[in-house]
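All ligand and atom numbering here is 1-based and tracks the order in the structure. In this text, all values refer to a predicted model and were calculated from it rather than measured experimentally. Quick note: residue numbers are just sequence positions, from 1. Excluded from the calculations below are hydrogen atoms, water molecules and symmetry mates; all remaining heavy atoms, backbone and side chain alike, are included.
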Amino acid sequence: MRAILHCDLNNFFASVEMLSKPELRQVPMAVSGDPNKRHGIILAKNYKAKAYGIYTPETVYSALKKCPNLVLVKPHYEEYVKYSKLVNEVYKKYTDRVEKFSIDESFLDVTESINIFGTPYEIAYKIKEEIKQKYGLTISVGVSFCKVLAKLGSDMKKPDAITVLDEETYREKTDNLPVSMMIFVGKNTTQKLEKMGIKTIGDLRASNKYRLVKHLGKQGELIHNWANGIDNDPVKYYYEKYERKSISKGITFEADKDNYIELEKEFLKLTSDVSYSLRKEKFKGDVISIVLKTADFVSISRQKKTEYTNAYDDISKEVLELFNDNFKAGMQIRYICVGVSGLKKSDAEEQIDLFSLVEDNKQKK
Ligand SMILES: [Mg+2]
């Protein structure tokens, strides 16, 4: 049994801003692309702002409607990068298996560290306290036996909290959570699942895997496995991230675009280029990503894990879903990008075996 942590810095950008300006703790505040432009985007907010229903990414215009007194602060990316590195240095004291997932999230495999530092919970606690004491930042930690459940755990209680989802307790603790809380389950997938009568992670766990595959394709098998604690994805070593190959294509528009249909077309063109390059170079990838950059240089990057693919249909489906989930009316888009990473040579691909799915179902009865 592995011991995996997912560590998530709470309200990261906003928290870093409040380190240098503690008075911001007393007011609803948000970090936004360009505070002077109505179409600027909210990148992060403190808890006082969250109480007004402000979310990310939302336009400044819509946030100010909810909370006219909202204090807006410009982002200081160099500071966020600096603190992100410092925090990951703390993680690396406890294990060399630290996989940076985003600027404020990392996975840690602490299986080998238990003899030195204590139980997984104790390790999580030590890390959490060290970061708080050294840098004044809080984290939420999910502790589990695989990445997907660790990630889910870190979302269940925040800020400054630890949630343990172990083999004995993960089912009852997650049964009533909405399926959308599971990683890589976006708006579209949530809607499809709802139509099938699957609303909670418990529903998903109890659902028929074969039926899910029928409706959702390979993703159906993945999320069914995840709900049942089946996720063998290893936590990479810190340095591995930089060796990862990806193929991506982006475009900067001569004039900013805010039209959904036009942007969708542009995304499909890029997807076509990317899938062509993948096939030409005989690669398949299992992480699909998009970038949306706004007129005021706010960059939104989102990624999705899938089965290995280089097919236009598979990739475009995910790209459009990511776009749909993250584009908000009013956004002025200057640049977009489509990428596929987690590459391996396509001849090495393992086929999904439908017969083994049937066997799985039989064994469960
Ligand atoms: Mg965070």
Side-chain angles (χ1 to χ4, degrees), residues 4-20 24-25 28-33 41-58 63 73 75-92 98-108 124-125 127-144 147-165 177-178 180-186 235 238 241 287 289 291-292 298-305 322 325-326:
I4 311 286
L5 312 184
H6 179 261
C7 300
D8 188 353
L9 283 149
N10 304 126
N11 303 335
F12 180 47
F13 293 0
S15 301
V16 171
E17 296 300 331
M18 292 189 295
L19 289 178
S20 55
L24 291 173
R25 291 184 197 281
M29 80 68 103
V31 181
S32 73
I41 287 164
I42 304 291
L43 296 166
K45 75 269 163 202
N46 67 5
Y47 279 99
K48 286 216 155 72
K50 197 181 176 186
Y52 286 87
I54 291 165
Y55 62 92
T56 49
E58 175 176 25
V73 178
H76 297 92
Y77 289 107
E78 336 69 53
E79 286 294 293
Y80 310 151
V81 171
K82 183 185 97 185
Y83 278 103
S84 176
K85 277 195 189 137
L86 289 170
V87 165
N88 275 281
E89 289 303 320
V90 174
Y91 300 154
K92 276 156 65 185
V98 175
E99 181 180 341
K100 218 175 148 186
F101 189 62
S102 69
I103 192 161
D104 61 342
E105 294 175 42
S106 295
F107 287 102
L108 282 64
Y125 187 81
I127 291 175
K128 179 172 86 69
E129 293 304 305
E130 183 170 343
I131 289 169
K132 191 163 41 178
Q133 197 208 356
K134 270 192 173 152
Y135 304 119
L137 297 168
T138 62
I139 61 173
S140 293
V141 190
V143 181
S144 192
K147 285 164 91 175
V148 165
L149 292 177
K151 164 90 179 152
L152 182 62
S154 72
D155 276 334
M156 286 169 64
K157 214 160 129 204
K158 24 178 145 175
D160 195 17
I162 300 170
T163 301
V164 180
L165 296 176
L177 300 178
S180 58
M181 270 186 77
M182 186 170 272
I183 188 171
F184 299 127
V185 175
V235 175
Y238 197 69
K241 186 177 120 58
V287 177
S289 61
V291 178
L292 287 165
V298 170
S299 182
I300 300 168
S301 308
R302 292 289 185 274
Q303 55 179 15
K304 207 174 162 187
K305 177 125 173 137
L322 287 169
D325 285 356
N326 293 288

* Asked: Is the Mg ion (ligand 1) less than 2.8 Å from at least one N/O/S atom of L9?
  -> yes
* To do: Using a cut-off of strictly less than 2.8 Å, determine whether D104 has an N/O/S atom near the Mg ion (ligand 1).
  => yes
* Closest D8 atom to the Mg ion (ligand 1) [N, O or S only] -> OD1
* Asked: So does E99 pair up with K147, basic N to acidic O under 4.0 Å?
  -> yes
* Asked: In terms of side-chain geometry, is the basic nitrogen of K132 or D160 positioned less than 4.0 Å from the acidic oxygen of its partner?
  -> yes
* Asked: Under 3.5 Å, is there a donor-acceptor pair between the side chain of E58 and the main chain of Y55?
  -> yes
* Describe, in one word, how the ring planes of F101 and H6 are oriented to each other, choosing from parallel (under 30°), tilted (30 to 60°) and perpendicular (over 60°). => perpendicular
